[in-house]
Amino acid sequence: MIFKPEICAIPDKRMTPFINADEIWSHLCNTVRPETLLIRDIIAKSLAKERLTLKETAALINADTPELIAEIKQGARDLKRRVYGNRIVLFAPLYIGNECTNNCQYCGFRVSNKTAVRKTLSDDEIVNEIEALEDNGQKRLILVYGEHPKYGPEYIAHTVKIAYGVKKGNGEIRRVNINAAPLDIEGFRVVKDAKIGTYQVFQETYHPEAYNWYHLGGKKRNYDWRLTALDRAQEAGIDDVGIGALFGLYDWRFEVMGMVRHANHLEACYHVGPHTISFPRIQAAVMENIGTQYIVTDDDFARLIAILRLAVPYTGLILTARENPALRREVMEYGVSQIDGGTKLELGSYSQSLNEEQDLNREQFKINDSRSLNEIVDELVADHYLPSFCTACYRKGRTGEHFMEFSVPGFIKRFCTPNAILTFAEYLKDYAPEHTRQAGWENIEQNIKDMDNPTFVAELRNRIKRIHDGERDLYF
(Lines give C-alpha, C1' and ligand atoms only; values in the text may rest on other atoms or scores of the structure.)
Protein backbone atom coordinates (compact mmCIF):
# COMPACT_ATOMS: atom_id res chain seq x y z
CA MET A 1 0.00 0.00 0.00
CA ILE A 2 1.34 3.45 -0.96
CA PHE A 3 0.37 6.41 1.17
CA LYS A 4 0.16 9.88 -0.36
CA PRO A 5 1.60 12.87 1.48
CA GLU A 6 -0.93 15.14 3.11
CA ILE A 7 -1.02 18.33 5.13
CA CYS A 8 -2.05 18.05 8.78
CA ALA A 9 -0.05 20.56 10.77
CA ILE A 10 0.56 24.09 11.95
CA PRO A 11 4.27 24.14 12.83
CA ASP A 12 5.79 25.05 16.16
CA LYS A 13 2.73 25.97 18.22
CA ARG A 14 2.14 24.52 21.65
CA MET A 15 -0.42 21.77 21.93
CA THR A 16 -1.02 21.85 18.16
CA PRO A 17 -0.16 19.07 15.69
CA PHE A 18 3.11 19.95 13.97
CA ILE A 19 3.77 17.22 11.37
CA ASN A 20 3.33 18.41 7.79
CA ALA A 21 3.82 15.41 5.50
CA ASP A 22 4.18 17.63 2.42
CA GLU A 23 6.98 19.56 4.12
CA ILE A 24 8.85 16.36 5.00
CA TRP A 25 8.49 14.86 1.53
CA SER A 26 9.54 18.15 -0.04
CA HIS A 27 12.82 18.07 1.88
CA LEU A 28 13.42 14.44 0.97
CA CYS A 29 12.64 14.95 -2.71
CA ASN A 30 14.62 18.17 -3.14
CA THR A 31 17.95 17.00 -1.69
CA VAL A 32 18.56 13.99 -3.93
CA ARG A 33 22.26 13.18 -4.59
CA PRO A 34 23.75 15.86 -2.32
CA GLU A 35 27.31 16.99 -3.00
CA THR A 36 30.13 15.48 -0.94
CA LEU A 37 31.22 18.90 0.36
CA LEU A 38 27.68 19.61 1.58
CA ILE A 39 27.58 16.35 3.53
CA ARG A 40 30.96 17.06 5.07
CA ASP A 41 29.79 20.54 6.11
CA ILE A 42 26.68 19.05 7.73
CA ILE A 43 28.76 16.47 9.61
CA ALA A 44 31.10 19.26 10.77
CA LYS A 45 28.10 21.24 12.07
CA SER A 46 26.95 18.23 14.05
CA LEU A 47 30.46 17.63 15.43
CA ALA A 48 30.31 21.24 16.62
CA LYS A 49 27.31 19.97 18.64
CA GLU A 50 24.66 21.92 16.77
CA ARG A 51 21.24 20.41 16.10
CA LEU A 52 20.52 19.82 12.42
CA THR A 53 17.60 21.20 10.41
CA LEU A 54 15.14 19.07 8.47
CA LYS A 55 16.84 20.07 5.23
CA GLU A 56 20.24 18.98 6.54
CA THR A 57 18.84 15.72 7.88
CA ALA A 58 17.26 15.02 4.50
CA ALA A 59 20.65 15.54 2.85
CA LEU A 60 22.21 12.91 5.13
CA ILE A 61 19.37 10.51 4.34
CA ASN A 62 19.84 10.98 0.59
CA ALA A 63 23.63 10.58 0.76
CA ASP A 64 23.44 6.95 -0.31
CA THR A 65 26.82 6.21 -1.87
CA PRO A 66 29.06 3.80 0.08
CA GLU A 67 31.67 6.51 0.55
CA LEU A 68 29.27 9.06 2.02
CA ILE A 69 27.52 6.47 4.19
CA ALA A 70 30.94 5.57 5.62
CA GLU A 71 31.66 9.25 6.35
CA ILE A 72 28.28 9.66 8.08
CA LYS A 73 28.94 6.61 10.25
CA GLN A 74 32.40 7.87 11.16
CA GLY A 75 30.95 11.25 12.04
CA ALA A 76 28.43 9.54 14.32
CA ARG A 77 31.21 7.56 16.02
CA ASP A 78 33.22 10.72 16.61
CA LEU A 79 30.22 12.65 17.92
CA LYS A 80 29.29 9.90 20.33
CA ARG A 81 32.77 9.90 21.82
CA ARG A 82 32.73 13.70 22.18
CA VAL A 83 29.33 13.87 23.87
CA TYR A 84 28.98 10.56 25.70
CA GLY A 85 32.49 9.17 25.96
CA ASN A 86 32.53 5.37 25.97
CA ARG A 87 29.73 4.80 28.47
CA ILE A 88 26.60 2.73 27.82
CA VAL A 89 23.68 3.08 30.23
CA LEU A 90 21.88 -0.15 31.14
CA PHE A 91 18.22 -0.63 32.09
CA ALA A 92 15.47 -3.26 32.11
CA PRO A 93 11.83 -3.11 30.97
CA LEU A 94 9.19 -4.39 33.38
CA TYR A 95 5.74 -5.11 31.96
CA ILE A 96 3.09 -4.28 34.56
CA GLY A 97 -0.02 -5.22 32.57
CA ASN A 98 -1.01 -6.16 29.03
CA GLU A 99 -4.71 -5.36 28.96
CA CYS A 100 -5.47 -3.01 26.09
CA THR A 101 -8.41 -1.37 24.32
CA ASN A 102 -6.54 -0.50 21.11
CA ASN A 103 -6.47 -2.57 17.93
CA CYS A 104 -3.02 -1.95 16.42
CA GLN A 105 -2.27 -4.29 13.55
CA TYR A 106 1.36 -4.81 14.55
CA CYS A 107 0.92 -5.55 18.26
CA GLY A 108 0.33 -8.81 20.12
CA PHE A 109 -1.61 -6.94 22.83
CA ARG A 110 -4.28 -5.74 20.36
CA VAL A 111 -7.81 -6.09 21.70
CA SER A 112 -8.89 -8.39 18.85
CA ASN A 113 -6.22 -10.94 19.81
CA LYS A 114 -8.39 -13.38 21.77
CA THR A 115 -5.51 -15.85 22.27
CA ALA A 116 -3.44 -13.38 24.31
CA VAL A 117 -3.06 -14.27 27.99
CA ARG A 118 -4.12 -11.06 29.75
CA LYS A 119 -2.60 -10.22 33.09
CA THR A 120 -1.94 -7.31 35.42
CA LEU A 121 0.65 -7.88 38.11
CA SER A 122 -0.55 -7.60 41.69
CA ASP A 123 1.38 -5.36 44.06
CA ASP A 124 3.10 -8.40 45.56
CA GLU A 125 4.02 -9.67 42.11
CA ILE A 126 5.50 -6.28 41.23
CA VAL A 127 7.63 -6.45 44.38
CA ASN A 128 8.79 -9.96 43.48
CA GLU A 129 9.73 -8.87 39.97
CA ILE A 130 11.68 -5.87 41.21
CA GLU A 131 13.51 -7.94 43.83
CA ALA A 132 14.57 -10.35 41.09
CA LEU A 133 15.78 -7.44 38.96
CA GLU A 134 17.69 -5.99 41.90
CA ASP A 135 19.29 -9.39 42.52
CA ASN A 136 20.78 -9.09 39.03
CA GLY A 137 22.10 -5.59 39.67
CA GLN A 138 19.54 -3.46 37.87
CA LYS A 139 19.13 0.13 39.06
CA ARG A 140 17.04 1.61 36.24
CA LEU A 141 13.63 0.38 35.08
CA ILE A 142 11.10 1.33 32.48
CA LEU A 143 7.61 0.29 33.49
CA VAL A 144 5.43 -0.69 30.53
CA TYR A 145 1.62 -0.74 30.49
CA GLY A 146 -1.04 -1.66 27.98
CA GLU A 147 -3.35 1.17 27.02
CA HIS A 148 -6.40 0.49 29.18
CA PRO A 149 -8.51 2.61 31.57
CA LYS A 150 -7.28 0.63 34.57
CA TYR A 151 -3.75 1.87 33.86
CA GLY A 152 -4.61 5.50 34.53
CA PRO A 153 -2.30 8.10 36.11
CA GLU A 154 -3.16 7.19 39.70
CA TYR A 155 -2.37 3.53 39.04
CA ILE A 156 0.88 4.39 37.26
CA ALA A 157 1.90 6.61 40.18
CA HIS A 158 1.03 3.79 42.59
CA THR A 159 3.26 1.29 40.80
CA VAL A 160 6.11 3.81 40.58
CA LYS A 161 6.00 4.28 44.34
CA ILE A 162 6.11 0.50 44.78
CA ALA A 163 9.18 0.29 42.56
CA TYR A 164 11.06 2.97 44.46
CA GLY A 165 10.16 1.33 47.76
CA VAL A 166 11.65 -2.11 47.07
CA LYS A 167 15.05 -2.59 48.73
CA LYS A 168 16.80 -5.95 48.80
CA GLY A 169 20.34 -6.17 50.14
CA ASN A 170 22.26 -3.39 48.43
CA GLY A 171 19.69 -3.38 45.66
CA GLU A 172 17.36 -0.50 44.91
CA ILE A 173 15.73 1.10 41.90
CA ARG A 174 16.94 4.66 41.50
CA ARG A 175 15.13 5.69 38.33
CA VAL A 176 11.73 4.60 37.06
CA ASN A 177 10.84 5.58 33.51
CA ILE A 178 7.40 5.10 32.00
CA ASN A 179 6.08 3.79 28.68
CA ALA A 180 2.33 4.18 28.77
CA ALA A 181 -0.66 5.80 27.12
CA PRO A 182 -0.81 9.55 26.50
CA LEU A 183 -2.43 11.45 29.37
CA ASP A 184 -4.12 14.79 29.77
CA ILE A 185 -2.24 17.57 31.56
CA GLU A 186 -3.68 16.75 34.97
CA GLY A 187 -2.80 13.08 34.52
CA PHE A 188 0.78 13.98 33.70
CA ARG A 189 0.90 16.09 36.87
CA VAL A 190 -0.14 13.05 38.90
CA VAL A 191 2.65 10.85 37.54
CA LYS A 192 5.17 13.69 37.87
CA ASP A 193 4.42 13.87 41.59
CA ALA A 194 5.43 10.19 41.83
CA LYS A 195 8.94 11.30 40.80
CA ILE A 196 9.10 9.43 37.52
CA GLY A 197 12.11 9.73 35.26
CA THR A 198 11.39 9.86 31.53
CA TYR A 199 7.85 9.53 30.16
CA GLN A 200 7.91 7.83 26.76
CA VAL A 201 5.20 8.06 24.12
CA PHE A 202 6.09 6.60 20.72
CA GLN A 203 4.19 7.91 17.73
CA GLU A 204 4.70 4.52 16.00
CA THR A 205 4.49 6.16 12.55
CA TYR A 206 4.60 9.89 11.93
CA HIS A 207 2.75 9.62 8.63
CA PRO A 208 -0.93 10.50 9.32
CA GLU A 209 -2.52 8.32 6.65
CA ALA A 210 -0.33 5.31 7.45
CA TYR A 211 -1.13 5.84 11.14
CA ASN A 212 -4.85 5.61 10.43
CA TRP A 213 -4.44 2.39 8.48
CA TYR A 214 -2.62 0.57 11.28
CA HIS A 215 -4.75 1.78 14.20
CA LEU A 216 -8.23 0.32 13.80
CA GLY A 217 -9.79 1.08 17.15
CA GLY A 218 -9.35 2.48 20.63
CA LYS A 219 -8.22 5.90 21.77
CA LYS A 220 -4.86 5.36 20.09
CA ARG A 221 -6.58 5.86 16.75
CA ASN A 222 -6.47 9.62 17.42
CA TYR A 223 -3.22 10.66 15.71
CA ASP A 224 -3.25 14.24 16.98
CA TRP A 225 -3.89 13.27 20.61
CA ARG A 226 -0.85 11.00 20.54
CA LEU A 227 1.34 13.45 18.63
CA THR A 228 0.79 16.23 21.16
CA ALA A 229 1.08 13.97 24.23
CA LEU A 230 4.52 15.18 25.21
CA ASP A 231 3.45 18.81 24.79
CA ARG A 232 0.92 18.11 27.52
CA ALA A 233 3.65 16.43 29.59
CA GLN A 234 5.80 19.56 29.26
CA GLU A 235 2.85 21.75 30.21
CA ALA A 236 2.45 19.57 33.31
CA GLY A 237 6.07 20.11 34.28
CA ILE A 238 7.59 16.85 32.98
CA ASP A 239 10.66 18.11 31.16
CA ASP A 240 12.16 14.65 30.61
CA VAL A 241 10.36 12.93 27.74
CA GLY A 242 11.14 10.23 25.17
CA ILE A 243 9.96 9.90 21.57
CA GLY A 244 10.14 7.04 19.11
CA ALA A 245 8.88 5.42 15.94
CA LEU A 246 8.27 1.76 15.12
CA PHE A 247 10.31 1.13 12.00
CA GLY A 248 8.64 -1.07 9.44
CA LEU A 249 5.28 0.70 9.37
CA TYR A 250 6.24 3.34 6.81
CA ASP A 251 9.25 4.60 4.84
CA TRP A 252 12.17 4.79 7.30
CA ARG A 253 13.33 8.06 5.77
CA PHE A 254 10.03 9.75 6.60
CA GLU A 255 10.11 8.38 10.17
CA VAL A 256 13.61 9.74 10.79
CA MET A 257 12.47 13.14 9.53
CA GLY A 258 9.35 12.92 11.69
CA MET A 259 11.40 12.30 14.84
CA VAL A 260 13.78 15.15 14.04
CA ARG A 261 10.75 17.40 13.42
CA HIS A 262 9.33 16.28 16.78
CA ALA A 263 12.63 16.99 18.55
CA ASN A 264 12.89 20.42 16.94
CA HIS A 265 9.28 21.20 17.87
CA LEU A 266 9.87 20.41 21.54
CA GLU A 267 13.02 22.48 21.63
CA ALA A 268 11.36 25.43 19.89
CA CYS A 269 8.33 25.41 22.18
CA TYR A 270 9.81 24.25 25.50
CA HIS A 271 13.53 25.03 25.13
CA VAL A 272 14.48 21.38 25.52
CA GLY A 273 14.41 18.46 23.12
CA PRO A 274 13.51 14.87 24.02
CA HIS A 275 15.76 13.16 26.55
CA THR A 276 15.70 9.95 24.50
CA ILE A 277 14.82 8.69 21.03
CA SER A 278 13.91 5.05 20.43
CA PHE A 279 13.87 3.31 17.06
CA PRO A 280 12.49 -0.23 17.53
CA ARG A 281 11.98 -2.36 14.43
CA ILE A 282 8.93 -4.53 13.83
CA GLN A 283 9.33 -8.05 15.21
CA ALA A 284 7.05 -11.07 15.10
CA ALA A 285 3.82 -10.75 17.08
CA VAL A 286 0.59 -12.71 17.28
CA MET A 287 -1.92 -11.55 14.60
CA GLU A 288 0.60 -9.14 13.11
CA ASN A 289 -0.82 -7.76 9.85
CA ILE A 290 1.44 -5.17 8.26
CA GLY A 291 3.08 -6.65 5.17
CA THR A 292 6.73 -6.27 4.21
CA GLN A 293 6.78 -3.14 2.06
CA TYR A 294 8.45 -0.97 4.69
CA ILE A 295 10.63 -3.50 6.51
CA VAL A 296 13.98 -1.89 7.34
CA THR A 297 17.12 -3.80 6.36
CA ASP A 298 20.07 -4.13 8.72
CA ASP A 299 22.11 -1.80 6.51
CA ASP A 300 19.45 0.92 6.53
CA PHE A 301 18.96 0.41 10.27
CA ALA A 302 22.65 1.16 10.86
CA ARG A 303 22.39 4.21 8.60
CA LEU A 304 19.38 5.67 10.34
CA ILE A 305 21.00 5.34 13.77
CA ALA A 306 24.07 7.23 12.57
CA ILE A 307 21.88 9.92 10.98
CA LEU A 308 19.84 10.36 14.17
CA ARG A 309 23.04 10.67 16.20
CA LEU A 310 24.23 13.49 13.98
CA ALA A 311 20.83 15.20 13.77
CA VAL A 312 20.24 15.42 17.54
CA PRO A 313 23.66 15.45 19.23
CA TYR A 314 22.46 15.65 22.86
CA THR A 315 19.57 13.19 22.77
CA GLY A 316 20.07 9.70 24.19
CA LEU A 317 19.54 6.91 21.65
CA ILE A 318 17.99 3.67 22.95
CA LEU A 319 18.66 0.30 21.32
CA THR A 320 16.52 -2.58 22.56
CA ALA A 321 16.67 -6.35 22.75
CA ARG A 322 14.38 -6.56 19.72
CA GLU A 323 17.69 -6.74 17.81
CA ASN A 324 20.03 -9.72 17.84
CA PRO A 325 23.35 -9.57 19.75
CA ALA A 326 25.59 -9.30 16.68
CA LEU A 327 23.63 -6.39 15.23
CA ARG A 328 23.41 -4.66 18.60
CA ARG A 329 27.18 -4.90 18.92
CA GLU A 330 27.68 -3.41 15.45
CA VAL A 331 25.28 -0.47 15.59
CA MET A 332 26.10 0.54 19.15
CA GLU A 333 29.17 2.37 17.92
CA TYR A 334 27.10 4.70 15.71
CA GLY A 335 25.67 6.63 18.60
CA VAL A 336 23.63 4.41 20.93
CA SER A 337 23.83 5.52 24.57
CA GLN A 338 21.33 3.19 26.32
CA ILE A 339 20.54 -0.52 25.99
CA ASP A 340 18.45 -3.01 27.94
CA GLY A 341 19.99 -6.15 29.40
CA GLY A 342 18.54 -9.40 30.75
CA THR A 343 15.22 -8.48 29.14
CA LYS A 344 12.10 -10.60 29.65
CA LEU A 345 8.72 -9.54 28.32
CA GLU A 346 6.35 -12.14 29.75
CA LEU A 347 4.59 -10.76 32.81
CA GLY A 348 6.07 -12.27 35.98
CA SER A 349 9.04 -13.84 34.20
CA TYR A 350 11.86 -12.12 36.09
CA SER A 351 10.93 -13.79 39.36
CA GLN A 352 9.83 -17.11 37.84
CA SER A 353 11.15 -19.32 35.06
CA LEU A 354 7.84 -19.39 33.23
CA ASN A 355 8.94 -20.56 29.81
CA GLU A 356 12.21 -21.62 28.26
CA GLU A 357 10.84 -20.60 24.86
CA GLN A 358 9.20 -17.28 24.14
CA ASP A 359 5.41 -17.52 24.02
CA LEU A 360 3.99 -14.79 21.81
CA ASN A 361 0.55 -15.29 23.35
CA ARG A 362 2.08 -13.91 26.55
CA GLU A 363 4.40 -11.27 25.05
CA GLN A 364 3.95 -8.11 23.01
CA PHE A 365 6.54 -9.11 20.41
CA LYS A 366 9.56 -11.34 19.95
CA ILE A 367 12.93 -10.36 21.41
CA ASN A 368 16.17 -11.44 19.76
CA ASP A 369 18.68 -10.81 22.54
CA SER A 370 17.83 -12.94 25.55
CA ARG A 371 21.26 -12.78 27.19
CA SER A 372 21.59 -12.09 30.90
CA LEU A 373 22.58 -8.67 32.16
CA ASN A 374 26.01 -9.97 33.15
CA GLU A 375 26.64 -11.48 29.72
CA ILE A 376 25.95 -8.09 28.19
CA VAL A 377 28.20 -6.38 30.74
CA ASP A 378 30.99 -8.82 29.82
CA GLU A 379 30.64 -7.93 26.14
CA LEU A 380 30.60 -4.19 26.84
CA VAL A 381 33.80 -4.46 28.86
CA ALA A 382 35.45 -6.59 26.18
CA ASP A 383 34.58 -3.90 23.62
CA HIS A 384 36.03 -1.16 25.89
CA TYR A 385 32.70 0.44 26.77
CA LEU A 386 32.02 1.62 30.31
CA PRO A 387 28.78 0.05 31.67
CA SER A 388 26.74 2.58 33.59
CA PHE A 389 23.76 2.35 35.94
CA CYS A 390 23.90 6.08 36.65
CA THR A 391 20.83 8.05 37.73
CA ALA A 392 22.61 11.12 39.09
CA CYS A 393 21.44 13.78 36.62
CA TYR A 394 17.79 13.12 37.30
CA ARG A 395 18.28 13.11 41.06
CA LYS A 396 20.45 16.23 41.02
CA GLY A 397 17.90 18.10 38.93
CA ARG A 398 19.97 18.05 35.75
CA THR A 399 16.96 17.39 33.51
CA GLY A 400 15.13 19.25 30.80
CA GLU A 401 16.48 22.74 30.18
CA HIS A 402 18.92 22.33 33.07
CA PHE A 403 20.34 19.22 31.40
CA MET A 404 20.85 21.21 28.21
CA GLU A 405 22.71 23.90 30.17
CA PHE A 406 25.17 21.27 31.33
CA SER A 407 25.34 19.10 28.24
CA VAL A 408 25.46 21.59 25.37
CA PRO A 409 28.84 23.03 26.42
CA GLY A 410 30.10 19.46 26.87
CA PHE A 411 30.38 19.66 30.65
CA ILE A 412 28.16 16.63 31.14
CA LYS A 413 31.12 14.29 30.64
CA ARG A 414 32.53 15.68 33.86
CA PHE A 415 29.64 13.98 35.63
CA CYS A 416 28.79 11.04 33.40
CA THR A 417 32.08 9.18 33.30
CA PRO A 418 32.83 9.33 37.05
CA ASN A 419 29.23 8.50 37.94
CA ALA A 420 29.28 5.59 35.51
CA ILE A 421 32.46 4.36 37.19
CA LEU A 422 30.90 4.58 40.65
CA THR A 423 27.77 2.66 39.64
CA PHE A 424 29.83 0.06 37.79
CA ALA A 425 31.99 -0.34 40.90
CA GLU A 426 28.83 -1.09 42.89
CA TYR A 427 27.82 -3.70 40.33
CA LEU A 428 31.24 -5.36 40.47
CA LYS A 429 31.20 -5.49 44.27
CA ASP A 430 27.63 -6.70 44.71
CA TYR A 431 26.62 -8.80 41.70
CA ALA A 432 29.41 -9.68 39.28
CA PRO A 433 31.09 -13.12 39.10
CA GLU A 434 34.86 -13.27 39.51
CA HIS A 435 35.78 -13.11 35.81
CA THR A 436 33.62 -10.02 35.37
CA ARG A 437 35.06 -8.36 38.46
CA GLN A 438 38.61 -8.78 37.27
CA ALA A 439 37.94 -7.39 33.78
CA GLY A 440 35.66 -4.71 35.20
CA TRP A 441 38.21 -3.26 37.60
CA GLU A 442 40.75 -3.15 34.77
CA ASN A 443 38.15 -1.26 32.72
CA ILE A 444 37.64 1.23 35.56
CA GLU A 445 41.38 1.77 35.95
CA GLN A 446 41.76 2.50 32.25
CA ASN A 447 38.93 5.03 32.36
CA ILE A 448 40.50 6.75 35.37
CA LYS A 449 43.86 6.96 33.58
CA ASP A 450 42.15 8.81 30.76
CA MET A 451 41.09 11.62 33.14
CA ASP A 452 43.30 14.70 33.29
CA ASN A 453 42.34 16.36 36.58
CA PRO A 454 44.46 14.95 39.45
CA THR A 455 42.32 16.56 42.17
CA PHE A 456 39.13 15.13 40.71
CA VAL A 457 40.73 11.71 40.23
CA ALA A 458 41.79 11.69 43.87
CA GLU A 459 38.21 12.35 44.97
CA LEU A 460 36.90 9.68 42.60
CA ARG A 461 39.35 7.13 44.01
CA ASN A 462 38.28 8.11 47.52
CA ARG A 463 34.65 7.38 46.64
CA ILE A 464 35.57 4.05 45.07
CA LYS A 465 37.31 3.14 48.33
CA ARG A 466 34.16 4.09 50.23
CA ILE A 467 32.21 1.71 47.97
CA HIS A 468 34.74 -1.04 48.76
CA ASP A 469 34.13 -0.26 52.43
CA GLY A 470 30.37 -0.72 52.08
CA GLU A 471 28.90 2.68 51.17
CA ARG A 472 26.53 2.90 48.23
CA ASP A 473 24.85 5.49 46.04
CA LEU A 474 27.74 7.95 45.78
CA TYR A 475 27.63 10.33 42.85
CA PHE A 476 28.75 13.74 41.60
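Hydrogens, waters and symmetry mates are skipped; everything else that's a heavy atom, side chains included, is used. Bear in mind the structure is a predicted one, so any value in this text is a computation, not a measurement.
- Under the 30°/60° scheme for interplanar angles, the aromatic rings of Y427 and F424 are found to lie parallel.
- For the side-chain hydrogen bond (donor to acceptor under 3.5 Å, both in side chains) test, residues two or more places apart in sequence or in another chain that qualify with N447 are N86, N443.
- Note that CZ of R281 and CZ of F301 are 5.0 Å apart. Values are rounded to the nearest 0.5 Å.
- A side chain to side chain contact (heavy atoms under 4.5 Å, CB included) with F279 holds for exactly one of I243, T320, L319, V331; it is L319.
- Looking only at distances, a side-chain donor or acceptor of Q105 sits under 3.5 Å from a matching main-chain atom of W213.
- The distance from the CG atom of D378 to the CD1 atom of I376 is 10.0 Å, given to the nearest 0.5 Å.
- Annotation: H215 is in aromatic contact with Y106 [ring centroid separation under 6.0 Å].
- Using modelled atom types and a 3.5 Å distance limit, the side chains of T276 and Q338 yield no donor-acceptor pair.
- Side-chain atoms of S349 come within 3.5 Å of backbone N or O of E346 as a donor-acceptor pair.
- Screening R328, R371, R140 for a salt bridge (Lys or Arg N to Asp or Glu O under 4.0 Å) involving D340 leaves a single residue, R328.
- Closest of all the heavy-atom pairs between G137 and L373 is C-CD2, 4.3 Å.
- Cation-pi contact between R261 and F18: absent, since separation from the ring centre below 6.0 Å together with deviation from the ring axis within 45° is not met.
- Put simply, the side chain of I61 reaches to within 4.5 Å of the side chain of V256, judged on heavy atoms.
- Residues H265 and D231 bring a donor and an acceptor atom of their side chains to less than 3.5 Å of each other.
- L121 is listed as a side-chain neighbour of K119, based on a closest heavy-atom distance under 4.5 Å.
- Ring pair Y199/F188 is perpendicular by interplanar angle, where above 60° counts as perpendicular and below 30° as parallel.
- Using a cut-off of 4.0 Å between Lys/Arg side-chain N and Asp/Glu carboxylate O, D300 and R253 are scored as not salt-bridged.
- Here C104 contributes atom SG and L249 contributes atom CG; the two are 9.5 Å apart, rounded to the nearest 0.5 Å.
- Between L94 and V144 there is no side-chain heavy-atom pair separated by less than 4.5 Å.
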Between D299 and R303, does a side chain to side chain contact (heavy atoms under 4.5 Å, CB included) hold up when you go through it step by step? CA-CA 6 Å; D299 287 344; R303 283 180 64 198; 5.8 Å; no

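- For the 3.5 Å distance criterion, the side chains of N368 and E323 fail to qualify, holding no donor opposite an acceptor.
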Given the rule in the side-chain hydrogen bond (donor to acceptor under 3.5 Å, both in side chains) test, do T120 and Y151 qualify, once you have shown the distances and angles that lead to the verdict? CA-CA 9 Å; T120 299; Y151 308 137; 2.5 Å; yes

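- Rounding to the nearest 0.5 Å gives a distance of 12.5 Å between CD1 of I305 and CG of L310.
- Closest approach of A236 to K192, counting heavy atoms only: O-CD, 3.5 Å.
- Atom CD of E50 is surrounded by more than 12 heavy atoms from other residues, nucleotides or ligands within 6.0 Å.
- A heavy-atom distance below 4.5 Å is found between the side chains of T36 and R40.
- Below 30°, between 30° and 60°, or above 60°: for F254 and W25 the angle between ring planes is between 30° and 60°, a tilted geometry.
- Between the side chain of Y95 and the backbone N or O of L143, no donor-acceptor pair lies under 3.5 Å.
- Panel note: side chain R309, backbone L79; no donor-acceptor pair is recorded below 3.5 Å.
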Taking it one step at a time, do R175 and T198 satisfy side chain to side chain contact (heavy atoms under 4.5 Å, CB included)? CA-CA 9 Å; R175 181 178 174 101; T198 304; 2.6 Å; yes

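- Rounding to the nearest 0.5 angstrom, the gap separating the OH atom in Y385 from the CZ atom in R329 is 9.0 Å.
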Any chance you could lay out the side-chain hydrogen bond (donor to acceptor under 3.5 Å, both in side chains) test for E375 and S372, step after step, and finish with the verdict? CA-CA 5 Å; E375 288 175 306; S372 69; 3.3 Å; yes

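- Looking at N113, its side chain does come within 3.5 Å of a backbone N or O of T115 through a donor-acceptor pair.
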Stepwise, does the side chain to side chain contact (heavy atoms under 4.5 Å, CB included) test hold for Q200 with I318? CA-CA 12 Å; Q200 293 182 344; I318 298 178; 3.6 Å; yes

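- Taking the six-membered ring where the residue is Trp, the centroids of H207 and Y211 are separated by 6.0 Å or more.
- The CD1 atom of I88 sits 8.0 Å away from the CG atom of L90 when rounded to the nearest 0.5 Å.
- Applying salt bridge (Lys or Arg N to Asp or Glu O under 4.0 Å) to E99 and the options R118, R110, K150 leaves one that passes, K150.
- Using modelled atom types and a 3.5 Å distance limit, the side chains of N264 and R51 yield a donor-acceptor pair.
- L28 places a side-chain heavy atom less than 4.5 Å from the side chain of M257.
- Inter-residue side-chain proximity for R322 and I367 is flagged as unmet; no heavy-atom pair is nearer than 4.5 Å.
- Side-chain contact between C390 and V89: absent, with no pair of heavy atoms (C-beta onward) separated by less than 4.5 Å.
- Remark: the backbone N or O of D64 is not paired with any side-chain donor or acceptor of R33 at under 3.5 angstrom.
- Shown are I72, I69, T65; of these, the side chain to side chain contact (heavy atoms under 4.5 Å, CB included) with I39 is made only by I72.
- No donor-acceptor distance shorter than 3.5 angstrom exists from the side chain of T228 to the backbone of P17, with no hydrogens or angles considered.
- Between E56 and K45, at least one side-chain nitrogen of the basic residue sits less than 4.0 Å from a carboxylate oxygen of the acidic one, meeting the salt-bridge criterion.
- Looking only at distances, a side-chain donor or acceptor of Y223 sits under 3.5 Å from a matching main-chain atom of Y206.
- Checked for salt-bridge contact, K220 and E204 meet the test: a charged N lies under 4.0 Å from a carboxylate O.
- Geometric assessment of R232 against the ring of W225 yields a positive cation-pi assignment under the 6.0 Å and 45° thresholds.
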Under the side-chain hydrogen bond (donor to acceptor under 3.5 Å, both in side chains) criterion, do N419 and S388 qualify, and how do the steps go? CA-CA 8 Å; N419 285 334; S388 175; over 6 Å; no

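- The backbone N or O of G85 sits nowhere less than 3.5 Å from a side-chain atom of R82 that would complete a donor-acceptor pair.
- Across every non-hydrogen atom of A58 and H27, the tightest pair is CB-O, 3.6 Å.
- The side-chain heavy atoms of I96 and T159, taken from C-beta on, include a pair separated by under 4.5 Å.
- A donor-acceptor contact closer than 3.5 angstrom is absent between the side chains of Y294 and T205.
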